[in-house]
Q: 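Dumping the structure here so I can ask a few things about it.
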Amino acid sequence: MPLPRTSRRLSLAVPAALGALALGTLPAFATSTPAQIATSKTNGVAYIKSLQAADGSYAGSGLSNEWAFSALAAAGTAVVDVAPGGDTTKNARTVYRNLLSTAGWPSATPVVTDYERGALNAYAAGIDPARVSASRNLVADIYAYWQTAEPGYFGPSANFNGTVFAALALRGAKTQAGTARIPQALTDSIVARLRANQHNDGGWTYQKVEGNPTGLASASDIDMTGAAMAALCVSGVPSTDTDVVQAKNFLKGKLVASSGAFNSLYGVNTSSNGWGIAGLNACGINSQSADFTTVPGKTPVDFLIANQYNPAGGFKYKPADTVPSAYSSIDALRAVAGGGFTTAPPVPVTPGAPQWVAQPAFTAGTATKLALTVDDGAGNLKVCSVAFTPTGTTTTLGDVLAAATSAATPSGCVTSVTPASGTGTITAVNGKANSGSNTWKVSVDGSAFAGALREKTINVGDTIALRWGA
């Protein structure tokens with residue numbers, strides 16, 4: 001999903017098990033009723049289940065269907081309940097978690113969007129993204145791509161896609177308790193970059209245009225407009241915000257009267273439609289409201305359902321296609337089901353299966369990472385992934401900060417801490433000392449900030465935020 005347009009559309013084979021079921025009767029155009037949407041979801045889920053490999057996988061060598069997890073969750077199906085032939089030992093969640101935990105995942109040359117994709121889909125599958133395993137922390141993996149010279153961007157800024165999906169992953173993939181795990185200062189920094197890259201027409205593309213008048217004046221695309229407006233809304237920006245309203249109006253202006261489709265730069269297609277609707281969904285904007293109903297009475301949801309094979313459930317990529325597309329079916333189902341770009345995992349129906357799975361503690365001797373931000377209260381936010389090898393099932397804030405002085409990516413997150421050893425109140429970080437009521441405070445996983453003590457217990461997967469202030 002979060003890949004440059006030239007490589008985002010994946011050519012995916014339809015499993016032979018679908019056989020003749022891959023094709024079926026296409027519905028006549030009609031404004032989509034709740035009953036039609038329910039049928040579309042039911043049939044779409046059945047199709048998505050058919051994409052599962054015999055070993056239980058959706059992702060891996062030759063496959064890139066893990067986006068199915070966000071669609072299944074949006075449609076109310078727990079990923080752990082999806083198992084080939086009912087073999088629960090091969091359920092999709094366990095297989096995916098094992099894949100994410102391997103040292104070789106995602107590749108020898110990873111990019112930030114690999115980890116963002118992993119975080120969004122792990123979350124939808126009921127895998128805590130920060131606690132995938134003793135060695136895998138997807139939140140920390142994303143933090144490593146913070147651009148120190150261009151604060152607010154993740155990964156090379158020219159590929160703005162990485163920053164959009166950083167917001168979706170870091171703010172959308174919440175804690176198990178349903179709260180935002182990253183500090184507001186980081187959210188604000190990302191939101192500033194999202195706003196700066198909005199084109200004059202109200203939309204976005206996957207390319208950076210900040211500070212470039214020609215780029216800002218260029219045409220936006222449906223896909224990234226949906227993703228970027230969703231990124232704003234999951235970051236706490238209200239749907240009444242000027243930039244969100246401009247994005248909404250951009251999408252509204254791209255409606256094709258006869259079908260309800262969005263007229264994408266890449267031609268009318270269900271994937272672009274799905275991304276546009278997902279953006280609206282994330283902002284709480286009804287894609288079947290009067291604003292998104294054409295004069296002939298068509299909506300974007302109508303277009304998707306009109307291009308779904310029933311009862312087989314797959315969706316075409318383009319109306320002229322004669323077979324369903326796995327990738328487009330995932331995009332379309334997620335949209336029809338009312339989802340954004342990830343959804344909290346539904347409660348499983350498999351007996352004994354928990355809603356969430358997570359690494360419970362550090363494993364002594366197993367190298368791992370933690371996500372850390374340091375906010376000096378003067379606008380100099382530092383973000384990094386801290387690598388270290390724990391010696392027990394927990395560690396301390398002092399030990400994490402000590403590791404950050406020499407093993408942080410990007411470097412320079414922590415240069416000094418006072419005191420440098422022992423226990424007690426942290427009185428200075430990076431040369432900035434406590435002063436009156438302005439002191440160093442710490443938050444973990446979005447908790448309230450409290451006085452920073454060296455001996456504070458830090459657990460596996462904790463997202464740590466240090467802040468100087470009152």
Side-chain angles (χ1 to χ4, degrees), residues 27-38 40-41 44 71 74-75 164 167-168 172 191 194-195 197-205 216 219-308 315 319 328 331-341 343:
F29 275 93
T31 300
S32 301
T33 65
Q36 288 173 316
I37 291 172
S40 176
K41 287 165 57 178
V164 171
L168 290 169
V191 166
L194 296 175
R195 294 186 188 278
N197 281 279
Q198 186 171 29
H199 294 223
N200 299 342
D201 61 11
W204 288 265
T205 68
L216 289 166
S220 300
D221 71 49
I222 301 299
D223 307 52
M224 287 307 299
T225 297
M229 70 185 295
L232 285 174
C233 290
V234 301
S235 297
V237 176
S239 61
T240 53
D241 178 87
T242 299
D243 290 338
V244 176
V245 172
Q246 289 176 342
K248 170 188 170 182
N249 290 338
F250 168 79
L251 292 176
K252 180 180 176 181
K254 294 296 181 178
L255 284 172
V256 176
S258 60
S259 65
F262 292 122
N263 189 13
S264 167
L265 286 176
Y266 315 100
V268 167
N269 67 85
T270 54
S271 280
S272 293
N273 244 59
W275 280 43
I277 295 172
L280 295 171
N281 290 341
C283 292
I285 299 170
N286 185 355
S287 61
Q288 292 216 109
S289 66
D291 276 340
F292 289 93
T293 301
T294 67
V295 173
K298 304 302 179 185
T299 73
V301 173
D302 291 341
F303 173 75
L304 293 182
I305 293 179
N307 284 281
Q308 182 181 27
F315 292 77
S328 297
D331 287 339
L333 175 60
R334 183 174 49 245
V336 170
F341 287 84
T343 301

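In this chain, residues are counted from 1 in sequence order. Here the structure is a predicted model, which is why all the values come from computation and not from measurement.
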Q: Quick one: CG on D302 to CD1 on I37, what's the gap to the nearest 0.5 Å?
A: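 If we round to the nearest 0.5 Å, D302:CG and I37:CD1 are 8.5 Å apart.
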Q: Atom CE in M224, atom CG in L265: separation rounded to 0.5 Å?
A: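 Interatomic distance, M224 CE to L265 CG, rounded to 0.5 Å: 12.5 Å.
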Q: Could you pull out all residues at least two apart from A257 that satisfy side-chain contact (heavy atoms from CB on, under 4.5 Å)?
A: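 For A257, the residues satisfying side-chain contact (heavy atoms from CB on, under 4.5 Å) (neighbours in sequence not counted) are T294, P296.
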Q: On a heavy-atom basis, which atom in S32 and which in I305 lie closest, and how many Å separate them?
A: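 Heavy atoms only, the tightest pair is OG-CD1, 3.4 Å.
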Q: Which atom names give the shortest non-hydrogen contact between S287 and P300, and what distance separates them?
A: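 That closest heavy-atom pairing would be O-CD, 3.2 Å.
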Q: Any donor and acceptor pair, going by atom type alone, linking the side chain of Q308 with main-chain N or O of S40 inside 3.5 Å?
A: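 Pair found, side chain donor or acceptor close to backbone of S40.
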Q: What distance separates N263 CG from S272 OG, expressed to the nearest 0.5 Å?
A: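 With rounding to 0.5 Å, CG (N263) is 10.0 Å from OG (S272).
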Q: How far does CZ of R195 sit from CG of D241, to the nearest 0.5 angstrom?
A: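 Those atoms lie 4.0 Å apart.
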Q: Quick one: are F292 and L251 in side-chain contact, heavy atoms under 4.5 Å?
A: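 Of all side-chain heavy-atom pairs linking L251 with F292, at least one is under 4.5 Å.
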Q: Could you tell me whether a side-chain N or O of N273 sits under 3.5 Å from a main-chain N or O of L304, the two making a donor and an acceptor?
A: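 Between the backbone of L304 and the side chain of N273 there is no qualifying donor-acceptor contact (under 3.5 Å).
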Q: Restricting to side chain to side chain donor-acceptor pair (under 3.5 Å), what partner residues turn up for Q246, sequence neighbours left out?
A: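 Residues passing side chain to side chain donor-acceptor pair (under 3.5 Å) with Q246: none at all.
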Q: Hey, does the side chain of W204 reach the backbone of L194 with a donor-acceptor pair shorter than 3.5 angstrom?
A: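 Judged by distance alone, yes, a pair lies under 3.5 Å.
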Q: Looking at side-chain heavy atoms only, is the closest gap between P319 and F303 below 4.5 Å?
A: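 P319 vs F303: side chains touch.
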Q: Verify, without hydrogens or angle tests, whether S264 (side chain) and Y266 (backbone) share a donor-acceptor contact under 3.5 angstrom.
A: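 Yes: the side chain of S264 pairs with the backbone of Y266.
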Q: Compare every heavy atom of G340 with every heavy atom of A282, then report the nearest pair and how far apart it is.
A: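 Result for this residue pair: CB-CA, 4.3 Å.
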Q: Shortest non-hydrogen contact from S239 to V245?
A: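 Distance-wise, the nearest heavy atoms are O-CG2, 3.6 Å.
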Q: Any heavy-atom pair between the side chains of F262 and L255 that's under 4.5 Å?
A: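 They are in contact (side-chain heavy atoms under 4.5 Å apart), so the answer is yes.
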Q: Considering non-hydrogen atoms only, spot the tightest contact between S271 and S328 and give its length.
A: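 Looking at all heavy atoms of both residues, the closest pair is OG-OG, 3.0 Å.
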Q: Do M229 and L280 have side chains that get closer than 4.5 Å, going by heavy atoms?
A: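 Yes; the side chains approach each other to less than 4.5 Å.
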Q: In Å, rounded to the nearest 0.5 Å, how long is the span from CG of N249 to CG of D291?
A: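 Here the rounded value is 7.5 Å.
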Q: Any chance the side chains of T299 and T293 put a donor and an acceptor closer than 3.5 Å?
A: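 No.
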Q: Are the side chains of D331 and T270 in touch, meaning some heavy atoms are under 4.5 Å apart?
A: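 SC-SC contact between D331 and T270 ruled out.
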Q: Please enumerate all residues that pass side chain to side chain donor-acceptor pair (under 3.5 Å) together with T343, with sequence neighbours excluded.
A: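 Partners of T343 under the side chain to side chain donor-acceptor pair (under 3.5 Å) test: none.
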Q: May I have the step-by-step check of side-chain contact (heavy atoms from CB on, under 4.5 Å) for R334 and I277, ending in yes or no?
A: CA-CA 9 Å; R334 183 174 49 245; I277 295 172; over 6 Å; no
Q: Quick check for you: to the nearest 0.5 Å, what is the distance between I222 atom CD1 and F250 atom CZ?
A: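 The distance works out to 4.5 Å.
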Q: What pairs with K41 under side chain to side chain donor-acceptor pair (under 3.5 Å), at least two apart in sequence or on another chain?
A: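 Listed in chain order: nothing, the list is empty.
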Q: If a pair satisfies disulfide (SG to SG under 2.5 Å) and one of its residues is in residues 265-299, list it, with sequence neighbours excluded.
A: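 For residues 265-299, and leaving out neighbouring residues, the disulfide (SG to SG under 2.5 Å) pairs sorted by first residue read C233-C283.
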Q: List for me each residue that meets side chain to side chain donor-acceptor pair (under 3.5 Å) alongside N281, sequence neighbours excluded, and say none if there are none.
A: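 Listed in chain order: nothing, the list is empty.
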Q: Can you check whether K254 reaches T225 side chain to side chain, under 4.5 Å on heavy atoms?
A: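 SC-SC contact between K254 and T225 ruled out.
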Q: Within the side chain of D223, is there an N or O that forms a donor-acceptor pair under 3.5 Å with the backbone of D221?
A: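 A pair under 3.5 Å: no.
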Q: If you look at every heavy atom in A75 and L333, which pair is closest and at what distance?
A: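 Smallest interatomic distance, heavy atoms only, reads CB-CD1, 4.4 Å.
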